[in-house]
Amino acid sequence: MTVRVRFAPSPTGPLHIGGARTALFNYLFARREGGTFILRLEDTDVARSTIEYEHDVLENLHWLGIDWDEGPGLAGQPGRGSFGPYRQMERLDRYNAAIERLMSEDKAYPCYCTPDELSADREVQQAANQPVRYVGRCASLSADDRRAHESAGRRPAVRFRIGQETIVIDDLVRGRVEIDTSALGGDLVIARSDGSPLYHFSVVVDDIDMRISHVIRGEEHLSNTPKHVLLFGALGADVPAFAHLPLILNPDRTKMSKRKSQTAVTDYRAQGFVHEALVNYFALLGWSSGTEEEIFSLDELAERFDLSRVQSAGAVFDRERLEWLNGQWIRRLPEEELVDRALPFLQAEIESARAAGVHARIPTADDLRPLIPMVRERIPTLDAVGSMLDYLFLDDVRPDLQLLTPKRWDEATTCQALSEAREVIAQVGEVSFEADELEGPLRLLAERHGWKAGDLFMAIRVAATGRTATPPLFDTLVALGYQRTLDRLGRAAARLTG
RNA sequence: GCCCCCAUCGUCUAGAGGCCUAGGACGCCACCCUUUCAAGGUGGAGAUCAGGGGUUCGAAUCCCCUUGGGGGCACCA
């Protein structure tokens, strides 16, 4: 059997975590089965769909490494695949043809009910604690009735007749699910009065046209699946296999929403999460390998992925675990790769300091490359390089005096220590200004005065960087440079006396 | 309200009737390493497997009920 799966987002918002996870599982399943992964844009909600969101969805999927075999092109590029077009607004003729067909077979009919009438019906039903369903006012209109509505200027929606039966779904993750069609809300609107198709209808027409073999999507669609099954049948098509994935949840265990969680992939990206970590984490939300390994690349996931190992209970999104994975992946990145990825974050940090009026030099890849070994194990996210290294590129730092003075010391001691440290470093000299050459003499200095080396080092650290947490001190000073180290120690000491 | 789904440490999960005195990971705590911050290492706390009934020689695993949680019920997707 030819496996063909699709991810069908609607461009009414940026790519979100749930969508990305659904896309990933479809992608992994296709790769594992040697099938085809299709991307289709469900843009029939014209009022809410935008081209910006479409770009966001496409671009971020691509960034994650989830590339599609068939679908629209990226950034104005032509699309791929022979089952297109892959945007629903370009497929309206197909929906119209399918509607004509259902109408001609009396499986669907025009409905002239107004929104006001429908919501009035609903209110009555709710007040009586009855299930909400279409009352069927237009289900058996005569030709005369229809003409009367038409001449009154009413444009009809189209409703699909839903009979009385039990639909059985053999879900690949949930097993057998039975739903009685009487619970579906009555005859289903498949086209608006302006003729445009509704989701439950277009999705089925497209899945038929695109020969979709497996529908892998979020659990929120499970209850609506019988509608699709009925529509597949009415259109004379085989029903694909279904797999409903567990929902991704807010910490309060409700469906993940942007109100309660950060949901846009692009936001995680902007904060310095790497795509390897995001993909790895998404895979672990609802799927497990069955082994104790948990660090997996996209390729490794594609080798191991199996729908039968997908969990059926919802999974709370845990940012801490994502951050841990991000650190794991940052540590695994090749040096040059890390330079490329971290540089924009460092530059942005310096740019914003400049915007605030601080004199600074914008770092280059050559500046950052030698610093990578000292930051790689310290940054949970790429944006952390900013606070880790910014002081190297700022013309000056002015730590406040309280920060400058170690807890056990007073200002006079600190002033003396910084001056003497400056002398010691000056004696080491520019030629020998290396991490290995600095530690010994400075420890000796501390020993001579009975100072704890840690206190001395902290005073130097703050004077040179303005920060209490930095990469190892002597590497940091060397990165700062001989003259700037002397300058900053001197200035800090001067401020303590003055 | 009606329909559907779900239920193992705080979180993600392993567990397909005996291997479970329930394993791993994140987070948390302690110690080691250590000039700070991390990373790393070692150890620890943390789940009477939601509760109750069955089935079975034996149940976290199978069945039923209860409870709890979630999702769906639009001329949104």
Side-chain angles (χ1 to χ4, degrees), chain A residues 8-13 42-45 47-49 111 113-115 118-119 122 125-134 155-159 169 171 174 177-180 182-186 188-194 196 198-200 202-203 218-226 244 246-247 249 251-255 281 284-295 311-325 327 331 375-380 384 388 439 442-443 446 452-458 460-462 465 467-474 476:
Chain A
S10 75
T12 53
E42 310 220 329
D43 53 358
T44 56
D45 184 353
R48 295 195 298 146
S49 297
C111 173
C113 296
T114 63
L118 295 171
S119 60
R122 263 196 294 277
Q125 290 165 341
Q126 274 164 348
N129 270 341
Q130 294 296 309
V132 174
R133 72 196 325 271
Y134 177 57
R155 307 298 310 153
V158 178
R159 281 188 191 267
I169 301 158
D171 193 274
R174 266 146 236 280
V177 177
E178 293 185 18
I179 300 179
D180 197 282
S182 61
L184 262 32
L188 175 73
V189 177
I190 57 177
R192 298 181 180 89
S193 47
D194 68 3
S196 62
L198 257 7
Y199 166 76
H200 292 303
S202 54
V203 74
E219 192 201 322
E220 70 266 30
H221 289 104
L222 182 57
S223 294
N224 286 320
T225 300
H244 287 92
L247 257 22
L249 274 18
D252 66 2
R253 303 202 75 89
T254 53
K255 184 165 103 170
Y281 184 65
L284 263 21
L285 271 181
W287 175 84
S288 68
S289 69
T291 70
E292 288 187 349
E293 300 170 89
E294 45 196 355
I295 310 287
Q311 196 83 2
S312 40
V316 173
F317 188 87
D318 180 4
R319 190 193 168 94
E320 306 240 42
R321 196 166 150 82
L322 205 213
E323 282 191 12
W324 172 76
L325 267 175
R331 272 162 244 143
V375 297
R376 133 172 279 149
E377 289 180 353
R378 284 166 234 275
I379 51 173
M388 200 68 68
E439 183 165 356
L442 287 167
R443 279 193 188 278
K452 299 198 83 167
D455 287 337
L456 176 62
F457 293 166
M458 184 53 86
I460 297 173
R461 168 177 292 112
V462 175
T465 68
R467 295 184 181 276
T468 53
T470 69
L473 180 61
F474 306 111
T476 304

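The sequence lines fix the lettering, A, B, ..., with proteins before strands; numbering per chain opens at 1. Since we're looking at a predicted model, the values are computed, not measured.
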Answer whether the closest heavy-atom distance between the side chains of A:Met388 and A:Pro471 falls below 4.5 Å. yes
If you measure from the Lys or Arg side-chain nitrogens to the Asp or Glu carboxylate oxygens, is any gap between A:Glu219 and A:Lys255 under 4.0 Å? no
Would you indicate what A:His221 reaches in the nucleic acid, counting non-hydrogen atoms under 4.0 angstrom: base, sugar-phosphate, or nothing? base
Can you tell me the Watson-Crick or wobble partner of B:rC33, both distances under 3.5 angstrom? none
Does B:rA7 have its OP1 or OP2 closer than 4.0 Å to a side-chain nitrogen or oxygen of A:Arg253? no
Quote, to the nearest angstrom, the P distance that separates B:rU48 from B:rG23. 13 Å
Measure CE/A:Met388 against C1'/B:rU36 and give the value in whole Å, please. 11 Å
Would you indicate which nucleotide in B:rC37, B:rC3, B:rC75 comes nearest to any side-chain atom of A:Ile179? B:rC3
Please examine the side chains of A:Arg467 and A:Val462, heavy atoms only from C-beta on, and report whether any two atoms are closer than 4.5 Å. no
Quick check on B:rG72: is either OP1 or OP2 less than 4.0 Å from any side-chain nitrogen or oxygen of A:Lys255? yes
Tell me the partner of B:rC26, counting only Watson-Crick (N1-N3 plus N6-O4 or O6-N4) or G-U wobble (N1-O2 and O6-N3) with both under 3.5 Å; none if nothing fits. B:rG10
Protein-nucleotide distance (A:Leu285, atom CG; B:rC12, atom P), rounded to Å: 9 Å
Between B:rC37 and B:rC29 - P atom distance, rounded Å: 14 Å
Distance check needed: B:rG10 C1' versus A:Asp252 CG, whole Å only. 14 Å
Looking for any heavy atom pair under 4.0 Å, which part of the strands does A:Ser193 touch: base, sugar-phosphate only, or nothing? base
Would one find a side-chain N or O of A:Thr44 under 4.0 angstrom from OP1 or OP2 of B:rA77? yes
B:rA38, B:rC75, B:rG24: which one has an atom nearest the side-chain heavy atoms of A:Arg378? B:rA38
Contact class for A:Gly218 vs. all strands (heavy atom < 4.0 Å): base, sugar-phosphate, or nothing? nothing
For B:rC64 and B:rG70, measure between their P atoms and round to the nearest Å. 24 Å
Looking only at atom P, what distance separates B:rA7 and B:rG24, rounded to whole Å? 23 Å
Side chain of A:Glu294: nearest nucleotide among B:rG24, B:rA14, B:rC76? B:rG24
Could you please name the option among B:rC3, B:rG71, B:rC26 that lies closest to any side-chain atom of A:Glu320? B:rC26
Could you pull out the closest heavy-atom pair between A:Leu442 and A:Leu456, with the gap in Å? O-CD2, 3.4 Å
Can you tell me the Watson-Crick or wobble partner of B:rG1, both distances under 3.5 angstrom? B:rC73
Looking at A:Gln311, does any N or O in its side chain come under 4.0 Å of the phosphate oxygens OP1/OP2 on B:rA14? yes
For nucleotides 29-35 of chain B, which of its nitrogen or oxygen atoms have a protein nitrogen or oxygen under 3.5 Å away, and what is each distance?
residue: B:rU35; atom: OP1; partner: A:Arg443; partner atom: NH2; Å: 2.4
residue: B:rU35; atom: O2; partner: A:Arg461; partner atom: NH2; Å: 2.5
residue: B:rU35; atom: N3; partner: A:Leu473; partner atom: N; Å: 3.4

Rounded interatomic separation in angstrom, taking CD from A:Glu323 and C1' from B:rA25: 16 Å
Among B:rC6, B:rC26, B:rC75, the nucleotide that comes nearest once only the side chain of A:Trp324 is considered: B:rC26
Once you apply a heavy-atom cut-off of 4.0 Å, does A:Arg133 come out as touching a base, just sugar-phosphate, or nothing? nothing
Would you call A:Gln311 and A:Leu285 a side-chain contact if the rule is heavy atoms closer than 4.5 Å? no
Is there side-chain contact between A:Val189 and A:Cys111, with at least one heavy-atom pair below 4.5 Å? no
How are the rings of A:Phe317 and A:Tyr281 set relative to one another: parallel (under 30°), tilted (30 to 60°) or perpendicular (over 60°)? perpendicular
What is the distance, rounded to the nearest whole Å, between atom CG of A:Asp43 and atom C1' of B:rC76? 14 Å
Respond yes when some side-chain nitrogen or oxygen of A:Arg192 is under 4.0 Å from OP1 or OP2 of B:rA77, and no when none is. yes
Let me spell it out: for each of A:Thr468 and A:Thr254, pick the nucleotide of RNA chain B with the closest heavy atom. Which residue's pick is nearer the 5' end? A:Thr468
5′-ward residue of the pair A:Glu178/A:Phe317 relative to RNA chain B: A:Glu178
Taking the C1' atom in each of B:rU35 and B:rU21, what is the distance between them to the nearest angstrom? 45 Å
Report yes if the side chains of A:Met458 and A:Thr468 come closer than 4.5 Å at any heavy-atom pair, otherwise no. yes
Starting at CH2 of A:Trp287 and ending at P of B:rG24, how long is that distance when rounded to a whole Å? 20 Å
Note, A:Tyr134 side chain near A:Leu118 side chain (heavy atom, < 4.5 Å): yes
From the set B:rC5, B:rC76, B:rU11, return the single nucleotide nearest to any side-chain atom of A:Glu219. B:rC5
Quiz question: going by heavy-atom distance under 3.5 Å, is there a donor-acceptor pair between the base of B:rC5 and the side chain of A:Arg174? no
When you check the side-chain N and O atoms of A:Ser196 and A:Arg192, is any donor under 3.5 Å from an acceptor? yes
Classify the nucleic acid contact of A:Ala183 as base, sugar-phosphate or nothing, counting any heavy atom under 4.0 Å across all strands shown. sugar-phosphate
Within the pair A:Asn224 and B:rC73, is there a side-chain N or O less than 4.0 Å away from OP1 or OP2? yes
Within the modelled atom types, does a donor on one side and an acceptor on the other bring the side chain of A:Arg122 and the base of B:rA74 under 3.5 Å apart? no
Checking B:rC4, B:rG71, B:rG24 against the side chain of A:Glu292 (C-beta onward), the nearest is B:rG24
Does the B:rC37 base have a donor-acceptor partner in the side chain of A:Thr470 within less than 3.5 Å? no
Selection from B:rA77, B:rA38, B:rG70 that lies nearest to any side-chain heavy atom of A:Glu377: B:rA38
What interatomic distance, in whole Å, is found between C1' of B:rG43 and the corresponding atom of B:rU36? 25 Å
What interatomic distance, in whole Å, is found between P of B:rA39 and the corresponding atom of B:rC28? 9 Å
Counting only side-chain heavy atoms from C-beta out, which of B:rU36, B:rG71, B:rA74 sits nearest to A:Glu220? B:rG71
Rounded to the Å, how far apart are A:Asp318 CG and B:rC26 C1'? 6 Å
A:Arg159 near the nucleic acid: base, sugar-phosphate alone, or nothing, with a heavy-atom cut-off under 4.0 Å? sugar-phosphate
For residues A:Ser312 and A:His244, is any side-chain donor paired with an opposing acceptor at under 3.5 Å? no
Give the rounded distance in Å between these two atoms: CG of A:Leu325 and C1' of B:rC26. 9 Å
Taking the C1' atom in each of B:rC62 and B:rC3, what is the distance between them to the nearest angstrom? 26 Å
Does any donor-acceptor pair link the side chain of A:Ser223 with the base of B:rG71 at a separation under 3.5 Å? yes
Would you say the side chain of A:Pro246 lies within less than 4.5 Å of the side chain of A:Arg174, judging by non-hydrogen atoms? yes
